[in-house]
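Just so it is clear, the values below take in all heavy atoms, side chains as well, and ignore hydrogens, waters and symmetry mates. One-based numbering, in listed order, for ligands and for the atoms of each.
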Amino acid sequence: MMKAVQPIGIFDSGIGGTSIWKEIHTLLPSEDTLYLSDSKNAPYGNKTKDAIIALAVKNTEYLLERNSKIIVVACNTATTNAIKVLRQNYDVPFIGIEPAIKPAALKTKTNTIGILATKGTLNSELFEKTSSNLSSNPIIIEQIGEGLVDLIENGKIHSDEMNRLLKKYLKPMMNANADHIVLGCTHYPYLKEKIQNIVGASVNIIDSGSAVAIQTKNILSEHNLLISGTRTPINKFLINKNKAVLTKILSDYASRINIEEEDF
Ligand code: DGL
């Protein structure tokens with residue numbers, strides 16, 4: 001039987017899911033967390049559905065062996081391709097993340113929204129289902145963020161190449177007068193400022209991070225697995241390649257976390 005003192009397990013293809021970890025840690029500061037950064041296998045976005053499922057299973061088993069009470073799939077690509085299989089095969093509760101096109105579709109005034117995500121997410125059945133079942137009928141400009149995850153994983157957020165790619169990918173959205181841009185990859189919140197500078201302040205940039213944290217809290221509460229009261233948590237990060245980039249992206253949290261390089 002699961003206990004509240006067990007950690008929240010979180011995984012992503014790399015360091016992007018730390019944008020979700022930050023939301024979870026802010027909302028649930030007393031919870032222990034265990035984060036897996038599968039950077040060795042990043043990006044997931046160009047892999048086949050079967051390959052993504054195999055990696056999601058590997059990460060889930062690693063987190064379960066380390067006692068996770070819930071698994072947060074902090075990766076749109078892994079969620080949209082693998083969460084059904086994960087839920088069918090493991091008893092633990094799973095929280096997934098999908099591009100927030102529903103709220104963007106409800107709020108758009110120009111009836112046009114842009115979405116930036118990986119090929120694996122945009123081509124998935126789950127994304128196809130969500131975007132064809134919207135209550136309104138907005139124009140959706142889809143754009144694969146080819147190369148963006150690689151640059152972030154290699155510590156090149158502030159590079160000329162990043163600026164060049166972002167301008168190229170955002171142009172069709174701006175030309176179509178999109179007033180909302182959905183960030184459909186957990187790496188992309190790290191690009192939010194750059195994207196806002198390119199598209200201007202009047203465009204809303206939406207991600208699903210805080211919704212995932214709220215959902216995590218709700219599901220833990222439903223299962224009586226929330227830590228009650230205040231305590232100092234253990235926040236552990238495991239990465240299988242390039243620890244320095246993860247350390248840098250989490251530098252504001254350095255005193256509260258522990259990062260180890262490990263092969264998994
Ligand atoms: N953070 C993953 C996502 O949300 C990145 C996917 C990749 O590795 O390509 O989709």
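Between the side chains of Asn204 and Lys107, not a single donor N or O lies within less than 3.5 Å of an accepting N or O. Side-chain contact, Asn177 with Thr110: no donor N or O sits under 3.5 Å from an acceptor N or O. Counted by atom type alone, Asn41 and Asp38 present one or more donor-acceptor pairs between their side chains at under 3.5 Å.
Checked by atom type and distance alone, the side chain of Gln196 pairs as donor or acceptor with a backbone atom of Gly200 at under 3.5 Å.
Residue contact check for ligand 1: Gly14 places no non-hydrogen atom closer than 4.0 Å to it.
Within ligand 1, counting atoms from 1 as listed, the ones closer than 4.0 Å to a heavy atom of Asp12 are 1 (N), 2 (C). Of all atoms in ligand 1, listed by their number and element, those nearer than 4.0 Å to a heavy atom of Ser13 are 2 (C), 5 (C), 6 (C), 7 (C), 8 (O). Close approach of ligand 1 to His187 is summarised as follows: ligand atoms under 4.0 Å from at least one heavy atom of the residue are 1 (N), 2 (C), 5 (C). Each of the atoms 3 (C), 6 (C), 10 (O) of ligand 1 lies under 4.0 Å from some heavy atom of Thr77. The ligand atoms of ligand 1 that sit less than 4.0 angstrom from a heavy atom of Gly45 are 7 (C), 8 (O), 9 (O). Less than 4.0 angstrom separates some heavy atom of Pro43 from each of these atoms of ligand 1: 7 (C), 8 (O), 9 (O).
Ring centers of Phe11 and Trp21: at least 6.0 Å apart, outside the cut-off.
The environment of CD1 in Ile234 is sparse: at most 12 heavy-atom neighbours from other residues, nucleotides or ligands sit within 6.0 Å.
At under 3.5 Å, not a single nitrogen or oxygen of Thr118, backbone or side chain, sits near a nitrogen or oxygen of ligand 1. Considering backbone and side-chain N/O of Thr121, none are found under 3.5 Å from N/O of ligand 1. When only interatomic distances are considered, the shortest N/O to N/O separation between Gly17 and ligand 1 does not fall below 3.5 Å.
Residue contacts with ligand 1, taken as heavy atom pairs separated by less than 4.0 Å, involve Cys75 via backbone and side-chain atoms alike.
Residues Leu86 and Thr60 approach most closely at CD2-OG1, 3.6 Å, considering heavy atoms. When all heavy atoms of Tyr190 and Ser19 are compared, the pair lying nearest together is OH-N, 3.7 Å.
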Apply the test salt bridge (charged side-chain N to carboxylate O under 4.0 Å, His left out) to residues Lys22 and Asp252: give CA-CA distance (whole Å), side-chain angles for both, the deciding distance (0.1 Å), then the verdict. CA-CA 11 Å; Lys22 287 177 186 174; Asp252 288 351; over 6 Å; no
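The nearest protein atom to atom 7 (C) of ligand 1, hydrogens excluded, is given as Tyr44 N, 3.1 Å; this is a heavy-atom distance.
Counting only non-hydrogen atoms, the option in Leu55, Val73, Asn76, Thr18 that gets closest to atom 4 (O) of ligand 1 is Asn76.
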